[in-house]
Engineer: 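A single structure is presented below for examination.
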Number of protein chains: 2
Amino acid sequence: MHAYLHEHLDMNKDYSRAIPEAWQHMSRVFTALGDEHRQRILLTFERGERLNVSQIVAVSTLSRPAVSHHLKILREAGVLASEKLGKEVFFWVNKPFLAETFDNTRAYLEEHL
Amino acid sequence: MHAYLHEHLDMNKDYSRAIPEAWQHMSRVFTALGDEHRQRILLTFERGERLNVSQIVAVSTLSRPAVSHHLKILREAGVLASEKLGKEVFFWVNKPFLAETFDNTRAYLEEHL
DNA sequence: ACTACATGTCGAAATGTCTCGACATGTAGT
DNA sequence: ACTACATGTCGAGACATTTCGACATGTAGT
């Protein structure tokens, strides 16, 4: 379990008890992408593409409220970003955030697990 | 949406429609790690540590059957590996698989999204 | 074979998440 | 102000997951 005795001589001795920040972000990303509908929504986007809600609904098998629900979860997790332009709301992949989150998780894996 | 016209001149033109294999794996990993209890189980492990079920139950707030359920999901997703030794079943983090899965996802993000 | 221990499985209740119609909000043009 | 359109939200039913007690299996020692 948690030994509270580490070979590294840094100051963060109780680091093992707290869930690191990279995992806090990753937690929501995992939850957001754990659903197949939301994965399909994410994979709908091409490089740098911006899509409005109607376009996403068009390629989805779900109703508009259901898509809206999933988009909200993806946005709140930081996976997608959005901007309102006139009547429409455009969504796009928050690539920098995803890249950073995956990198942090990858680094944590290498370091601690 | 999916343009079916790519700038890369490779053979996989219908790649955009199929969910890539890296995502197939990631899908289960995301589902497995989308749950906070399962995240805590994963983070219980120290570097290279092996824990039996009783030890994991001891640090968890859940009952043994519940922990067993989560361990099954983590094992089937490939996050944890297990081995029976006598009466006990030991679990450990499947680090190579996780590393590969994260790397693949990271690469896919950089390439396609 | 019997006991003690470790773990897995089953099933039903509790809990959580998803879904869609109906309604609300907000924007642009006439 | 009115109409048309795009999107968000609410709530109740449908659906999926989680949870734990009770039981089953399997292993080691006496």
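A, B, ... follow the sequence lines: proteins, then strands. Residue 1 opens every chain.
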Engineer: Indicate yes or no: does E88(B) engage K84(B) in a salt bridge with an N to O separation below 4.0 Å.
Structural biologist: no
Engineer: Stem ranges for DNA chain C, with three or more consecutive Watson-Crick or G-U pairs under 3.5 Å?
Structural biologist: C:1-30 with D:1-30
Engineer: What's the CD-P distance between E83(B) and dG8(C), to the nearest Å?
Structural biologist: 13 Å
Engineer: Among all residues two or more places apart in sequence or in another chain, which pass the ring pair (Phe, Tyr, Trp, His ring centres under 6.0 Å) test with F90(B)?
Structural biologist: none
Engineer: Grab the NE2-C1' distance between H37(B) and dT15(C) for me, whole Å please.
Structural biologist: 11 Å
Engineer: Evaluate the side-chain proximity of N52(A) to V89(A): yes if any heavy-atom separation is below 4.5 Å, no if none is.
Structural biologist: no
Engineer: Rounded to whole Å, how long is the line connecting atom CG of L51(A) with atom P of dA6(D)?
Structural biologist: 15 Å
Engineer: Under a 4.0 Å heavy-atom cut-off, which of residues 61-78 of chain A touch DNA chain D?
Structural biologist: R64(A), P65(A), S68(A)
Engineer: Expressed in angstrom and rounded to an integer, what is the separation of K84(B) atom NZ from dT27(D) atom C1'?
Structural biologist: 7 Å
Engineer: Taking the side chain as every heavy atom from C-beta outward, state whether I56(B) and F45(B) have any pair of such atoms under 4.5 Å apart.
Structural biologist: yes
Engineer: Can you find a pair of side-chain heavy atoms, one from K95(A) and one from E110(B), that are under 4.5 Å apart?
Structural biologist: yes
Engineer: For R38(B) and dG16(C), give me the distance from atom CZ to atom P, rounded to whole Å.
Structural biologist: 15 Å
Engineer: Measure from the side-chain heavy atoms of K87(A) and tell me the nearest of dG26(C), dC5(C), dC18(C).
Structural biologist: dG26(C)
Engineer: Given atom CD1 of I56(A) and atom P of dT7(D), what is their separation to the nearest angstrom?
Structural biologist: 9 Å
Engineer: Can you check whether Y108(B) reaches L43(A) side chain to side chain, under 4.5 Å on heavy atoms?
Structural biologist: yes
Engineer: What I'd like to find out is whether the side chain of F91(A) reaches to under 4.5 Å of the side chain of I41(A), using heavy atoms alone.
Structural biologist: no
Engineer: Are any of the side-chain heavy atoms of L80(A) and L42(A) separated by less than 4.5 Å?
Structural biologist: yes
Engineer: Taking CG from D35(B) and C1' from dT19(D), how many angstroms apart are they, rounded to a whole number?
Structural biologist: 12 Å
Engineer: Flag the pair E111(B) and R47(A) as a salt bridge only when some basic side-chain nitrogen lies within less than 4.0 angstrom of an acidic carboxylate oxygen.
Structural biologist: no
Engineer: Between Q55(B) (CD) and dT7(C) (C1'), how many Å, whole number?
Structural biologist: 14 Å
